[in-house]
Amino acid sequence: MRADGIFIAVEVADDAAADAELARKLTEACPVDIFEASASGVKIVEKNLDECVLCDLCVQAAPAGAVKIVKLYE
Ligand code: SF4
């Protein structure tokens with residue numbers, strides 16, 4: 001799953017996105033509420049994407065490679 005803002009895109013690997021426990025961890029980790037835990041796993045809150053502060057807490061909370069933050073600006 002990938003969602004694009006203007007400045008930031010977030011990618012969550014499909015198997016990770018379906019993991020309810022990971023969804024809970026990401027929701028706790030992100031200081032600007034870019035992740036939400038839903039019944040089907042991780043949901044990306046698109047309206048908050050550009051608030052990302054590149055803190056990497058979501059990447060650290062997830063299994064290696066499962067979450068990627070992409071900077072869309074230089
Ligand atoms: S890098 Fe930080 S602010 Fe950006 S989505 Fe991950 S936890 Fe949220």
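Heavy-atom basis, side chains included; hydrogens, waters and symmetry copies ignored. For the single chain, residues carry numbers from 1 onward in sequence order. Whatever order the structure lists them in is the order used to number ligands and atoms, beginning at 1.
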Tell me whether Asp4 contacts the main-chain N or O of Ala9 through its side chain, where contact means a donor paired with an acceptor under 3.5 Å.
no
Evaluation steps, side-chain contact (heavy atoms from CB on, under 4.5 Å), between Thr27 and Asp33
CA-CA 7 Å; Thr27 304; Asp33 298 334; 5.9 Å; no
Heavy-atom distance under 4.5 Å between the side chains of Asn48 and Phe35, does that happen here?
no
Ignoring waters, protein N/O/S atoms under 2.8 Å from atom 4 (Fe) of ligand 1 are Cys52 SG
Do Val59 and Ile69 make a side-chain contact, defined as non-hydrogen atoms from C-beta onward lying under 4.5 Å apart?
yes
Using side-chain heavy atoms (C-beta onward) and a distance below 4.5 Å, is Arg2 in contact with Val10?
no
Do the side chains of Glu21 and Arg24 get close enough for a salt bridge, i.e. N-O under 4.0 angstrom?
yes
